[in-house]
Protein chains: 2
Amino acid sequence: MVRAGLTPERLTLAGAELADEVGFDQVTVSALARRFDVKVASLYSHLKNSQDLKTRIALFALEELADRVADALAGRAGKDALAAFADAYRDYAREHPGRYAAARLRLDPETAAASAGVRHAQMARALLRGYDLPEPDQTHAVRMLGSVFHGYVSLELAGGFEHSAPGAEESWAWVVDSLDSLLRNRTAR
Amino acid sequence: MVRAGLTPERLTLAGAELADEVGFDQVTVSALARRFDVKVASLYSHLKNSQDLKTRIALFALEELADRVADALAGRAGKDALAAFADAYRDYAREHPGRYAAARLRLDPETAAASAGVRHAQMARALLRGYDLPEPDQTHAVRMLGSVFHGYVSLELAGGFEHSAPGAEESWAWVVDSLDSLLRNRTAR
DNA sequence: CTAGTTTGCCTATAAGCTTTAGGCAAAAGC
DNA sequence: GCTTTTGCCTAAAGCTTATAGGCAAACTAG
């Protein structure tokens with residue numbers, strides 16, 4: 001019989017695609033095996049277990065998202081950078097809802113410290129340099145940006161803005177604009 | 001044999017408690033049956049299925065949280081009301097992480113329309129009356145508040161603020177303060 | 001190029017969760 | 001007290017995770 005050519009990397013990528021299609025919490029070792037037309041047990045040579053698969057997908061998504069954000073940020077500053085950062089985040093979540101959900105998986109501290117999550121934090125700080133905030137305000141601001149972006153995207157994906165006007169797009173612009181003026185104000189104090 | 005006295009209400013409450021103990025996504029019909037020392041099949045006379053259980057817990061949590069927010073808001077206005085609203089939200093999530101997660105379950109439109117989710121939206125709008133925003137800004141602001149509160153709480157629960165200074169408490173105060181001044185500024189325009 | 005080793009996917013199996021069908025006894029109604 | 005209703009039961013099937021052990025394909029050496 002011909003071998004399927006399974007590797008942790010291919011399984012992770014396929015898992016990410018599966019997550020986007022059916023939702024991250026519907027990603028199972030069984031479903032992944034079906035997708036490769038292979039018996040379930042075969043995957044356990046490449047993955048420790050189901051949790052391992054999910055962690056790999058999460059790390060993959062964190063990397064991919066960090067790359068996108070980095071691209072978006074390149075050569076921009078101030079409000080322009082803020083909007084690019086925000087959009088990169090939101091667009092990724094809308095294009096890849098399953099991967100986005102994966103990126104929110106709680107990782108154990110060591111795994112998190114070695115993940116692209118670190119880059120995310122660094123980029124947020126780089127972005128905020130344009131607003132010249134003293135500590136601890138900068139940290140507060142990093143947390144606020146993370147909260148707003150994650151919160152908005154998560155409510156939007158959950159369909160929270162679907163059944164009312166104005167559209168999610170307009171509110172997003174308003175929110176980004178508000179954050180910009182907020183940060184500029186905080187600088188001035 | 002003595003009957004256990006199962007009802008949908010008791011099962012929902014026990015399910016909420018279970019969610020707080022082990023996490024909302026670990027709530028299973030099996031675990032609930034164990035908790036009542038009853039066979040699994042017995043629960044299916046009271047619950048349509050596993051999804052039904054989760055929906056009931058979600059609706060319960062939405063009600064409970066709405067009650068708390070209403071209490072917190074009573075007799076307050078302006079920044080005082082904003083802080084009370086924010087704290088009610090965050091405190092509930094920290095006391096009842098499982099119920100909080102349940103409250104974020106995606107409901108089908110009809111169920112959502114009949115849920116306490118409606119009250120949440122109304123209270124947010126009531127809160128914002130103190131800032132005197134014209135439409136569509138008020139809607140944008142409702143969405144922003146929801147995003148920030150949900151985002152912050154969700155990141156905090158996920159342990160995102162655990163391994164760095166300053167504490168989550170201080171950033172929360174900063175965020176609430178920022179939102180207040182942001183909203184006051186928006187009014188002035 | 002063939003013999004030995006490693007590797008990859010297999011079958012078999014067990015245990016847990018969901019859900020349905022049908023049974024029997026406790027509680028409620030008359 | 002007798003009947004009806006209700007509540008929890010056993011049984012069973014299908015799906016998931018996970019482990020153990022087998023056989024053949026692919027690599028590695030001589």
Note to self: Please report the distance, rounded to the nearest Å, between CG in L11(B) and P in dT18(C).
What the structure shows: 13 Å
Check: Between atom NZ in K54(B) and atom C1' in dT19(C), what is the gap in whole Å?
Finding: 14 Å
Item checked: Sugar-phosphate only, base, or nothing, as touched by A31(B) at under 4.0 Å among non-hydrogen atoms -> nothing
Check: How many Å lie between CG on N49(A) and P on dA20(D), as a whole number?
Finding: 14 Å
Item checked: Neighbour count >12 (heavy atoms, 6.0 Å) for atom CG, D108(A) -> yes
Next item on the list: Considering just the side-chain nitrogens and oxygens of S42(B), establish if one lies under 4.0 Å of OP1 or OP2 belonging to dG7(D).
Entry: no
Check: What is the ring orientation for Y100(A) with Y89(A), classed by angle as parallel under 30°, tilted 30 to 60°, or perpendicular over 60°?
Finding: perpendicular
Item checked: Given dC9(D), dT17(D), dT18(C), the nucleotide with the shortest approach to the side chain of Y44(B) -> dT18(C)
Notebook entry, point to check: Using a cut-off of less than 4.0 Å, is there contact between a side-chain N or O of H46(B) and OP1 or OP2 of dC8(D)?
Noted result: yes
Next item on the list: Whole angstrom is fine here: how far is it from CD in Q51(A) over to P in dT16(D)?
Entry: 18 Å
Checklist line | V38(B), nearest nucleotide to its side chain (from dC9(C), dT16(D), dC9(D)) | finding: dC9(D)
Item checked: Nucleotide nearest K39(B) (side chain, heavy atoms from C-beta), chosen from dT19(D), dC17(C), dT10(D) -> dT10(D)
Notebook entry, point to check: Which of the following nucleotides, dC8(D), dT20(C), dT19(C), is nearest to the side chain of S50(B)?
Noted result: dT19(C)
Check: Could you state the NZ-P distance from K48(A) to dA18(D), rounded to the nearest angstrom?
Finding: 11 Å
Next item on the list: Is it possible for you to check whether R143(A) lies under 6.0 Å from the centre of the six-membered ring of F161(B), through NZ or CZ, and within 45° of that ring's axis?
Entry: yes
Checklist line | Out of dT17(D), dC9(D), dC9(C), whichever nucleotide has its closest atom nearest the side chain of L6(A) | finding: dC9(C)
Next item on the list: Just do the salt bridge (Lys or Arg N to Asp or Glu O under 4.0 Å) check on R68(A) and D71(A) with the steps written out, would you?
Entry: CA-CA 5 Å; R68(A) 287 215 186 186; D71(A) 273 5; over 6 Å; no
Margin query: Suppose clustering is done on Ile, Leu, Val, Met, Phe, Trp and Tyr with side-chain heavy atoms closer than 4.5 Å. Which residues sit in the same group as F60(A)?
Written below: L13(A)
Check: Between L32(A) (CG) and dC15(D) (P), how many Å, whole number?
Finding: 18 Å
Item checked: Out of dA20(D), dT17(D), dC17(C), whichever nucleotide has its closest atom nearest the side chain of T28(B) -> dC17(C)
Check: When you check the phosphate oxygens OP1 and OP2 of dC9(C), does a side-chain N or O of S45(A) lie under 4.0 Å from one of them?
Finding: no
Check: Whole-Å distance between dA15(C) C1' and R34(B) CZ?
Finding: 12 Å
Check: When the distance from CG of L43(B) to C1' of dT19(C) is rounded to whole Å, what number comes out?
Finding: 12 Å
